[in-house]
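See structure below.
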Amino acid sequence: MITLKTRELGNQVLQTLKAHGYEAYFVGGMVRDQVIGIENDDIDITTSAHPEDVIRLFKRVKETGKRYGSVTVLLENHPFEVTTYRKEGRYTDNRRPDEISFGTSLEEDLKRRDFTMNQLVMNEQGDIIDHHHGLEDIKERVIRTIGEANSRFEEDALRILRALRFCASLGFNIEQKTASAMKEQKKLVKTLAIERVMQELDKIIRGKYHHKAISYLLDLGIADELYGLKSGFEEILKIKEKVYPIEFFIIAHIVDEVEDVFRFSNKERAIIEKAIQLHEVTKEDEFNRFIVYVNKLDMCLLVNKINVWLGYHDQEQIIREIDQRLPIHDVCDLAFKGQDILWKTNLKKHSLIGVIIDELKYKVIMEELPNEYKALEEYALNRVEETLEEMDDNDE
Ligand code: ATP
Ligand code: MG
């Protein structure tokens, strides 16, 4: 299934290539998903044209992976990943082939692809060519490597995680020999760049059938190679609701020692660290007004959800009530502000202003003072006076 417009544009790419004497077919996820009956607008094209030829033939082209034979053709802003037929040489690093030769046949190109369901090709008319029983495997709902499984995973260990990713998105079983080889070659997962591992984990966790993929991940022992995430995976198997990748990482850090190898953005890292701390504070004790104010509603609800998943009591109602009743949600909401202290006094010490504003904030949040100008002014000015007197006393 694919939107008509995208398919038409894809046909144009094929026709242009063919009009210049090259072979060209749709391949990969779009063809596979079309056969299965699910939507995939991400079109991969395989062709006998070399990257330079493709660059020459289309107006807008991005040289995304030219070295490996891939360029992205843009038609009406829609990207088409066009890859030259290739035959891969020896692999020595379990990831990239040492050498790639272009210009071999379609047959050769299909042999180097990962799974039988991913080597189906299709022409503009929708006719499918299937060299490795991909249609049969799709019908049987199995993921099977093309060729001998052990050597295919040895060549490129990313395929181990890709098998799990497709299991998570499609709910297919992993064929017996393929699964045994994944188990046998699992240690190679450690050789993969962490960014690639994270990309695949992200897709595994987001997958509709993530429980199935995670069960394989654990049963085949692949989770042992994933830097301390194993207990986290065991934990999310018990959760019925959808778990987002960031929630998974928070859970994994709570239930076990996770190695510090994962590359999170600063924002993600901050969320993970804050959530772990808040979990520690709230798993046994109640969320209170100050906690809700400081951490904000969304963070509190996130941590509460995780607390519940991990078997602690549900405080969602309390959190929402507290948040609704909070007199302020931010320091800017205070009726009497830092500038007011500056204007009303001849205070030079800005650090003192900060201390007094923190006190005002606390008293307002805890409803010890109303959030009203007069009341806060009186309290603040008294505190300034007291503090200055104390400082004078100390000076003498
Ligand atoms: P998706 O729908 O998620 O894009 P896809 O199958 O199209 O899935 P891509 O990563 O876009 O996956 O790759 C396109 C095709 O290239 C695959 O279907 C497969 O034929 C081939 N391929 C990609 N990565 C590998 C790999 N590591 N080893 C062998 N073949 C691969
Ligand atoms: Mg694709």
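Atoms within a ligand are numbered from 1 in the order they appear, just like the ligands themselves. The structure displayed is predicted, hence computed values, not measured ones. Nothing fancy with the numbering, it's 1 onward along the sequence.
Using a 4.0 Å heavy-atom cutoff, E155 is absent from the residues neighbouring ligand 1. Residue contact annotation: L158 has no non-hydrogen atom under 4.0 Å from ligand 1. Not a single heavy atom of Q119 lies less than 4.0 angstrom from ligand 1.
In the model, S70 has no side-chain atom that pairs as donor or acceptor with a side-chain atom of T64 under 3.5 Å. With no hydrogens or angles considered, a side-chain donor-acceptor pair links D130 and Q119 at under 3.5 Å.
The N/O atoms of F166, backbone and side chain alike, include none that comes under 3.5 Å of an N/O atom in ligand 1. Checked against a 3.5 angstrom limit, the closest N/O atoms of R165 and ligand 1 fall inside it. Below 3.5 Å of separation, one finds an N or O of N118 facing an N or O of ligand 1.
Ligand-side atoms of ligand 1 in range of G29: 2 (O), 5 (P), 6 (O), 7 (O), 18 (O), range being under 4.0 angstrom from any heavy atom.
Taking the Mg ion (ligand 2) as reference, the nearest N/O/S atom within D44 carries the name OD2.
Of the candidates K203, R162, E81, M30, R162 brings a heavy atom nearest to atom 9 (P) of ligand 1.
The heavy-atom pair separating A149 from A181 by the smallest distance is CB-CB, 3.5 Å.
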